[in-house]
Amino acid sequence: VTGNSSGIVVLSAQPVKARGSEFSTNQIWGLKLQGDATLSACTLASNVEGGMMFTGVNDSNLNFTNLTLSDNRTYGVFFDSSSVTVDRTVSSQLNISGSNYVFASTGGSLTMDGVSVQGGSVAGVYTYQGTLVAQGSTFSRNGYGVAADESTVTITNSNLSNNSVGFYSNRNNTVTA
C-alpha cells in the first residue's frame, strides 16, 4: 500500500490484520487505526506524518510481530486517547529508526516498561495532555530523551543519557522522578 494520501485508515472498531505487507511513501500515515490490530512482518517506511497511529486502543487490542518502521518523517508510533504499555516483549518486535519522535502519545496513558528507546531526532518519547510512566527504561541518542507538554510524568529507575536534553518539560507538567 504505497504512494497514497494514507496507506490504510480504519476509523471504527473493525479488526485489522496484516502479514508481510508494506505501507510506504504515503503522504500522511502508513496505518491509522481505531480498533484491534494484528501486524506481522510488515514494513512501514517513508510515510510523511508517521508509520502507525492508533486511536482509543489498549494493550489487549494490539499484537505486533517483527515490524520495521523506518524513515517515517514525524512519528514512528503515535497513540491518541489510548492506554498502552510498551514493554520488552512489544519493543522487541518493533525496529524503529529515522523518525522525529519514536513514540508519542496525546490525551491518554503511555507506560514504557523496561525498554530502550533511541534515535528520535526530536524525542525518544513525547506526551501531550496525558500520562507517561517510564520505569526501568533507557532513553539514549535522541534529541530529548523524554519530552512532556501539559502532562503528568513519572520516571523511576530509568536512564536518560547521551541525548541533547535528557528530560524536557514544557507548560504545566507534573513530574516525579
Side-chain angles (χ1 to χ4, degrees), residues 29 31-39 44 49-177:
W29 294 100
L31 290 171
K32 183 177 180 181
L33 308 174
Q34 194 166 343
D36 297 356
T38 301
L39 308 173
L44 297 98
E49 189 66 19
M52 300 187 295
M53 177 183 182
F54 298 98
T55 301
V57 299
N58 61 51
D59 298 335
S60 64
N61 297 100
L62 304 175
N63 183 9
F64 302 141
T65 307
N66 191 27
L67 301 184
T68 299
L69 292 91
S70 63
D71 301 318
N72 295 294
R73 184 182 303 164
T74 307
Y75 302 102
V77 181
F78 184 92
F79 299 105
D80 177 44
S81 302
S82 299
S83 179
V84 175
T85 296
V86 177
D87 61 15
R88 284 184 185 103
T89 302
V90 172
S91 70
S92 70
Q93 299 301 318
L94 299 170
N95 179 10
I96 304 173
S97 64
S99 297
N100 291 342
Y101 303 87
V102 178
F103 292 96
S105 176
T106 63
S109 173
L110 178 60
T111 299
M112 306 300 289
D113 185 8
V115 299
S116 178
V117 179
Q118 60 188 9
S121 61
V122 175
V125 176
Y126 172 71
T127 183
Y128 175 72
Q129 293 183 342
T131 300
L132 173 65
V133 174
Q135 51 199 28
S137 295
T138 299
F139 304 90
S140 63
R141 296 191 300 273
N142 300 289
Y144 304 128
V146 174
D149 197 357
E150 299 180 22
S151 296
T152 299
V153 178
T154 303
I155 300 173
T156 56
N157 299 319
S158 294
N159 182 5
L160 288 79
S161 61
N162 298 313
N163 303 289
S164 295
V165 174
F167 177 76
Y168 177 78
S169 176
N170 187 34
R171 293 191 316 233
N172 305 321
N173 292 298
T174 301
V175 179
T176 304

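None of the values given here were measured: they were computed from a predicted structure.
- Heavy atoms only, all atoms of each residue included: V153 and A148 are closest at CG2-CB, 3.5 Å.
- The shortest heavy-atom contact between V86 and V115 is O-CG1, 3.5 Å.
- Taking the six-membered ring where tryptophan is involved, the planes of F79 and F54 are essentially parallel, since the angle between them stays under 30° and well short of 60°.
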| Chi angles and distances behind the side-chain contact (heavy atoms from CB on, under 4.5 Å) call for T156, T154 | CA-CA 7 Å; T156 56; T154 303; 4.1 Å; yes
Would you mind writing out the side-chain donor-acceptor pairs for residues 120-131 within the sub-3.5 Å range, not counting sequence neighbours?
| unit_1 | atom_1 | unit_2 | atom_2 | d |
| --- | --- | --- | --- | --- |
| S121 | OG | N100 | OD1 | 2.9 |
| Q129 | NE2 | E150 | OE1 | 2.8 |

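- L44 approaches M52 most closely through the heavy-atom pair CD2-CG, 3.5 Å.
- At least one side-chain heavy atom of Q135 sits less than 4.5 Å from a side-chain heavy atom of D113.
- In plain terms, the two heavy atoms of G114 and R88 that are nearest each other are O-CG, 2.8 Å.
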| field | Criterion side-chain contact (heavy atoms from CB on, under 4.5 Å) on Y144 and N170, from CA distance to verdict | value | CA-CA 12 Å; Y144 304 128; N170 187 34; over 6 Å; no
| request: Take L94 and F103 through the test side-chain contact (heavy atoms from CB on, under 4.5 Å) and record every step on the way to the result. | output: CA-CA 11 Å; L94 299 170; F103 292 96; 4.1 Å; yes
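- A donor-acceptor pair under 3.5 Å links the side-chain atoms of N173 to the main chain of S151, judged by distance alone.
- A distance-only check finds a donor-acceptor pair linking the side chain of S82 to the backbone of G56 [under 3.5 Å].
- Annotation for R171 and D149: closest pair NH2-OD2, 2.9 Å, computed over non-hydrogen atoms.
- For D80 against F78, the heavy-atom pair with the smallest separation is CB-CE2, 3.8 Å.
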